[in-house]
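Contents: one structure, followed by commentary.
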Amino acid sequence: MTDIAGLGVSRSELLSSLLGGIPFVLAAGMSLRGWRLSLTALGLSVVLIGAGVVVLRQESPEEFEARLAAANVNRETTYVVSIPGYRPNGGRDYGRGLGDAGFLPENPDAIPPDRHITITAYNRLMVGEKMCGQPSAQDSRLTWGSCTAESGGLVYRNNEIVHGYQVPVGRRHVTVVGTPSVDHDLLRATALNLHLATNRELGAAHEQTGDYYAARIPGYAGQPTGIPAGMIYLPLDRTGIGAQSVAIQLYVTYADGEDVCFRATECTPDGAGLTYVRHEDTHGYAMRRGEVNVLVLGGLRTGKTPLRQATLNARPVTEEELRRALPPATTASHRRPLLPMVADVLNLHGRFEFDMSWHPEPDGVPLSPPN
């Protein structure tokens, strides 16, 4: 027990002999006549057992390493940082606002609404389902909510999640759907200007099968989507993509062979060992720390100052922080509970009578004294 506590008593024969006899002295003390001596010995025995239990319940280095392995944590690449005005989003709880991955603004009102438009063609209609006299396309996102018949034969559909139009084009039923923050008039103008997507709009990775429709939408850029086949349009400035535009992410990777400028649209030194990097949807700073690169990226609505400071402030996680954040060990401990151990002392020489029998249970079964 003293070795677990780091005292190293077992390495000294003299200390081992002297301290090893203490339990026998205390046991003999409780057998003496006179309640004062017996009670004193009993009290010291309980204190000694309590101290032993505390020591034995401390996590050993092997148990700590097992928890690290179970959580798939690499201490060399686990860094933490606290960012003023932000809170950790998911991941492990290190306390005091520290996080090792994603961050979002503490104020929910600081997260802008998502703005995007999708154009999707459908082949089938829902039997007997209509809105304002217009049949509804099967699998469409515009099959419920309110509707308004507009000029030009259009029907405007609106529900709690999306709004837009469904337009018949030949044998297909093409929907123009926007998130709530997309302007109604912009969706109407899009519905009136639909065309089969060109090869340029589709790009080299997609082939026109008759299912891709597109439109020219001011301030938006489109790209094809998979299932169902269609187009999605995002704001050109990339600042209207909801939480992603204000989120911050901390990355730590081994530096050997890594190019922090890979696929960056901008990559320039910025003093203090920092490199400013900008991508299509994110920007931030990279910094070499020994064997690793620390990279802090944020959405394009995020200012440079918090990203720069977060990169400078990021540091390796401490063992204490890891012990707090890691999930507990999954295997049951066979360390003996305190109450039965105390009862054994009290039962010595028959001076006290307690029935506190206890037996370890198999792995996976919670250990507890009997009722």
field: Test item: Leu295 and Val277 side chains (from C-beta on) under 4.5 Å apart, heavy atoms
entry: yes
Can Arg188 be said to sit on top of Tyr156's aromatic six-ring, NZ or CZ under 6.0 Å from centre and within 45° of the ring axis?
no
* Asked: Mind checking whether Tyr233 and Leu236 sit in one hydrophobic cluster, side chains of I, L, V, M, F, W, Y counted as touching below 4.5 Å?
  -> no
Exceeds 12 heavy-atom contacts within 6.0 angstrom, atom CZ of Arg87
yes
Check whether Arg288 reaches the backbone of Gly290 with its side chain - one donor and one acceptor, N or O, closer than 3.5 Å. yes
dist Thr253:OG1 -> Glu291:CD (nearest 0.5 Å) comes out at 12.0 Å
When Asn89, Val81, Val296, Leu104 are each screened for side chain to side chain contact (heavy atoms under 4.5 Å, CB included) with Ile248, the one that passes is Val296
Checklist entry - Taking the side chain as C-beta and beyond, is there a heavy-atom pair between Tyr94 and Thr78 under 4.5 Å? => result yes
In short, Thr311 meets Leu307 closest at the heavy-atom pair OG1-O, 2.8 Å
- Query: Should Arg157 and Gln134 be marked as a side chain to side chain contact (heavy atoms under 4.5 Å, CB included) after you check the CA-CA gap, both sets of side-chain angles, and the distance that decides it?
  - Reply: CA-CA 10 Å; Arg157 303 174 178 227; Gln134 183 186 56; 2.9 Å; yes
Practice item. Treating Ile, Leu, Val, Met, Phe, Trp and Tyr as nodes and any side-chain heavy-atom pair under 4.5 angstrom as an edge, say whether Leu154 and Ile117 lie in one connected cluster. Key: yes
OG of Ser140 to CE of Met131, rounded to nearest 0.5 Å, is 9.5 Å
Rounded to the nearest 0.5 angstrom, the CG-CG distance for Leu274 and Leu312 is 4.5 Å
Taking every heavy atom of Ile161 against every heavy atom of Trp144, the minimum-distance pair comes out as CD1-CZ2, 4.2 Å
* **Worked verdict on Tyr276 versus Lys304 for side chain to side chain contact (heavy atoms under 4.5 Å, CB included)** => CA-CA 9 Å; Tyr276 175 73; Lys304 287 185 175 182; 3.5 Å; yes
Worksheet item: Taking the side chain from Thr118 and the backbone from Ile232, do they hold a donor-acceptor pair closer than 3.5 Å?
Response: no
When rounded to the nearest 0.5 Å, the distance separating CD1 of Ile241 from OG1 of Thr179 is 12.0 Å
Next item on the list: Ignoring hydrogens and angles, tell me if any N or O in the side chain of Thr282 forms a donor-acceptor pair with the backbone of Leu297 under 3.5 Å.
Entry: no
Original post:
Can you check whether Tyr212 reaches Glu201 side chain to side chain, under 4.5 Å on heavy atoms?
Top reply: no
To the nearest 0.5 Å, atom OG of Ser146 lies from atom CG of Asn159 at 8.0 Å
Scanning both residues in full, the closest heavy-atom pair of Arg141 with Val177 reads NH1-CG1, 4.3 Å
Hphob cluster co-occupancy, Tyr165 + Val162, side-chain heavy atoms under 4.5 angstrom:
no
Worksheet entry | CG/Asn199: more than 12 non-hydrogen atoms of other groups inside 6.0 Å | no
Heavy-atom nearest pair, Pro328 first then Arg67, reads CA-NE, 4.2 Å
Practice prompt. Taking the side chain as every heavy atom from C-beta outward, state whether Tyr213 and Val176 have any atom pair closer than 4.5 Å.
Written response: no
Closest heavy-atom pair, Thr302 versus His283, reported as atoms and distance to 0.1 Å, is O-NE2, 2.7 Å
**Asked** Is Val182 close to Tyr220 at the side-chain level, that is, under 4.5 Å between some pair of heavy atoms?
**Response** yes
May I ask you to check whether over 12 heavy atoms, not counting those of Arg124, lie within 6.0 Å of atom CZ? no
Check: Arg278 main-chain N/O paired with Thr265 side-chain donor or acceptor under 3.5 Å:
yes
Given the options Glu320, Glu319, Glu321, Arg323 meets side chain to side chain donor-acceptor pair (under 3.5 Å) only with Glu319
How about CD on Glu160, more than 12 heavy atoms from neighbouring residues, nucleotides or ligands closer than 6.0 Å, or not? no
Does Val167 offer a backbone N or O that forms a donor-acceptor pair with the side chain of His173 under 3.5 Å? no
Notebook entry, point to check: So do the side chains of Asn123 and Arg172 get within less than 4.5 Å of each other, counting heavy atoms only?
Noted result: yes
Look only at the side chain of Thr120 and the backbone of Thr175, and say whether a donor-acceptor pair between them is shorter than 3.5 Å.
no
Margin query: With clusters defined by side-chain heavy atoms of hydrophobic residues (ILVMFWY) lying less than 4.5 Å apart, directly or transitively, does Ile217 cluster with Leu187?
Written below: yes
Side-chain contact test, heavy atoms from C-beta onward, threshold under 4.5 Å: evaluate it for Pro218 versus Leu186 and give yes or no.
yes
In sequence, state the C-alpha distance, the side-chain angles, and the governing distance for Val155 and Gln166, and then conclude on side chain to side chain contact (heavy atoms under 4.5 Å, CB included).
CA-CA 7 Å; Val155 173; Gln166 178 184 299; over 6 Å; no
* **Evaluation steps, side chain to side chain contact (heavy atoms under 4.5 Å, CB included), between Val80 and Arg315** => CA-CA 6 Å; Val80 293; Arg315 58 168 177 78; 3.5 Å; yes
Residues Ala314 and Val294: closest non-hydrogen pair is CB-CG1, 3.9 Å
Discussion item. Counting C-beta onward and ignoring hydrogens, is there a side-chain heavy-atom pair between Glu76 and Tyr254 closer than 4.5 Å?
Written reply: yes
CG of Leu196 to CG of Asp211, rounded to nearest 0.5 Å, is 9.5 Å
- [ ] Look at the side-chain heavy atoms of Ile, Leu, Val, Met, Phe, Trp and Tyr, link any pair under 4.5 Å apart, and say whether Tyr285 and Tyr79 land in one connected group.
- [x] yes
